[in-house]
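Below is one structure, written out as structure tokens, with a few remarks after it.
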Amino acid sequence: MTTNDARAREILWDDPAIALIRRDMLRFAQLQLRDAGAAEDMVQEALFAAMSHAESFAGRAALKTWVFGILRHKIVDHLRASSREICGADLVDATGPDGCMEDFDALFDRRGFWNPEDRPATWSDPEASFSQKEFWAVFEACLDHLPAHIARVYMMREFLELDTGEICRQLGITTGNCWVILHRARLGLRACLENRWFHGEAAT
Amino acid sequence: MMNCKEVTRLLSEGYERNLTLRERLALTLHRMACIGCNNYGKHLEFLHKAANRLREGRDDVTP
């Protein structure tokens, strides 16, 4: 057991698999922080923290889950510390009772039903996309394409698993506002994926 | 009867809070009649799964 642990620790740093994990972590952190320097630091810290507990996982998949867990905690801490910098007022403006859904209102007709050209299509076997790296590039591009503050709330919710209550507290917005922002993020992401990924797929 | 705009909002809120029985019933009825919203509901599930994959550091991508 102990010899295995020692060997695992030796292998870890040299393993090209670690370089791949590091690359994925960096991408994940940058997506959320939009600050390459901070992302780099956080990934490094998370890797170091993981390595100091190298005994507690068995194999690469376990390691990856483990370091991503640490990384998420670091990102949450960072966001907590810097949440004062995020202007809650911007979020409220963007989702005010009138202006809020203007861009997406265009998807629906006067009575609130889908316009024929915007009606969500049937995606055949969407989960097959998960194994394609091109899909993830599109997914990330679509996240990037969302307004920054909307993407941030969405990622806090879906990637960092903060509940809406906490997100609201941190950003100083109401729960209702938070829901609208998440709804907007989902509408935008869905439409983007359909246009940039599934539309092309369906045509083949 | 709810329109699609309301239905999409409610489908999203279903990920944030427990919907009431009445709301769930209205969603089911609407989705049975509306292919667009039924697809939308499936797409949200897909988005949620995709986010889960990304969160765990997707491991199954063919290089």
Side-chain angles (χ1 to χ4, degrees), chain A residues 20-21 24-25 27-28 31 60-61 64-65 67-69 71-72 101 104-105 107-109 111-114 116 118-123 126-127 129-133 135-136 139-140 143 154-155 157-161 163-164 175 178-180 182-187 189-191 193-194 198, chain B:
Chain A
L20 287 179
I21 291 177
D24 286 351
M25 290 170 79
R27 196 190 282 137
F28 181 76
L31 205 55
R60 190 164 79 83
K64 191 162 188 177
T65 309
V67 287
F68 264 79
L71 180 61
R72 284 201 304 279
M101 299 293 289
F104 293 117
D105 270 354
L107 300 171
F108 304 99
D109 66 18
R111 294 173 308 137
F113 292 93
W114 293 104
D118 295 312
R119 185 185 302 133
T122 303
W123 298 350
E127 286 179 40
S129 306
F130 287 157
S131 58
Q132 287 173 264
K133 98 175 169 297
F135 167 76
W136 293 106
F139 190 77
E140 285 169 22
L143 274 172
Y154 180 77
M155 290 191 280
R157 179 77 188 100
E158 295 285 358
F159 295 164
L160 304 176
E161 291 184 295
D163 62 44
T164 357
T175 310
C178 218
W179 289 345
V180 172
L182 287 167
H183 171 41
R184 243 181 108 149
R186 291 176 178 126
L187 272 171
L189 261 184
R190 193 217 70 83
L193 284 180
E194 181 152 317
F198 289 105
Chain B
M1 169 116 170
M2 263 192 278
N3 64 28
C4 302
K5 206 164 137 182
E6 290 163 332
V7 165
T8 54
R9 183 185 55 77
L10 213 51
L11 282 170
S12 175
E13 279 189 26
Y15 287 86
E16 312 309 326
R17 64 173 172 92
N18 291 324
L19 300 181
T20 64
L21 183 61
R22 196 194 171 113
E23 286 169 330
R24 278 182 282 142
L25 207 63
L27 282 184
T28 307
L29 284 175
H30 183 105
R31 284 179 71 166
M32 277 174 8
C34 174
I35 179 89
C37 286
N38 194 38
N39 282 337
Y40 189 83
K42 289 182 191 164
H43 296 170
L44 288 196
E45 283 167 35
F46 172 79
L47 278 182
H48 192 62
K49 281 186 193 161
N52 280 343
R53 294 284 178 120
L54 209 60
R55 185 175 66 222
E56 301 302 336
R58 51 180 225 256
D59 224 0
D60 50 353
V61 177
T62 45

For the atom pair [atom1] ([X]) and [atom2] ([Y]), what is the distance rounded to the nearest 0.5 Å?
{"X": "B:F46", "Y": "A:L189", "atom1": "CZ", "atom2": "CG", "answer": "10.5 Å"}
{"X": "A:S129", "Y": "B:R53", "atom1": "OG", "atom2": "CZ", "answer": "11.0 Å"}
{"X": "A:L187", "Y": "B:S12", "atom1": "CG", "atom2": "OG", "answer": "7.5 Å"}
{"X": "B:C4", "Y": "A:R119", "atom1": "SG", "atom2": "CZ", "answer": "8.0 Å"}

task: Look at the aromatic rings of A:F113 and B:H30 and report parallel, tilted or perpendicular, splitting at 30° and 60°.
output: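 Taking B:H30 first and then A:F113, their aromatic rings lie parallel (interplane angle under 30°).
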
task: Could you check whether the rings of B:H43 and A:W123 sit parallel, tilted or perpendicular, using 30° and 60° as the cut-offs?
output: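 The rings of B:H43 and A:W123 lie parallel, inter-plane angle below 30°.
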
What heavy-atom pair brings [X] and [Y] nearest, and what distance separates the two atoms?
{"X": "A:F68", "Y": "B:R55", "value": "CD2-O, 3.4 Å"}
{"X": "B:N39", "Y": "A:P120", "value": "ND2-O, 3.0 Å"}
{"X": "B:A51", "Y": "A:E158", "value": "CB-CB, 3.8 Å"}
{"X": "B:C37", "Y": "A:W114", "value": "SG-NE1, 3.2 Å"}

Region of [X] in contact with chain B, defined by heavy-atom distances below 4.5 Å:
{"X": "A:R111", "answer": "backbone"}
{"X": "A:A121", "answer": "backbone"}
{"X": "A:L71", "answer": "neither"}

query: Using a cut-off of under 4.5 Å for heavy-atom pairs, which of A:G112, A:G69, A:C178 has the most such pairs with chain B?
result: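 Answer, by heavy-atom pair count under 4.5 Å with chain B: A:G112.
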
- prompt: Please walk me through it: do B:L54 and A:F139 pass side-chain contact (heavy atoms from CB on, under 4.5 Å)?
  reply: CA-CA 10 Å; B:L54 209 60; A:F139 190 77; 3.9 Å; yes

- prompt: Could you go step by step and tell me if B:Y40 and A:F108 meet the ring-ring contact (aromatic ring centres under 6.0 Å, His included) rule?
  reply: CA-CA 13 Å; B:Y40 189 83; A:F108 304 99; 8.3 Å; no

task: Check each of B:L44, B:L10, B:T8, B:L11 against A:H183 using the side-chain contact (heavy atoms from CB on, under 4.5 Å) test, and report the only one that passes.
output: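 Result for side-chain contact (heavy atoms from CB on, under 4.5 Å) with A:H183: B:T8.
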
- prompt: salt bridge (Lys or Arg N to Asp or Glu O under 4.0 Å) with A:R186: which of B:E13, B:E45, B:E16?
  reply: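 Exactly one pass, corresponding to B:E16.
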
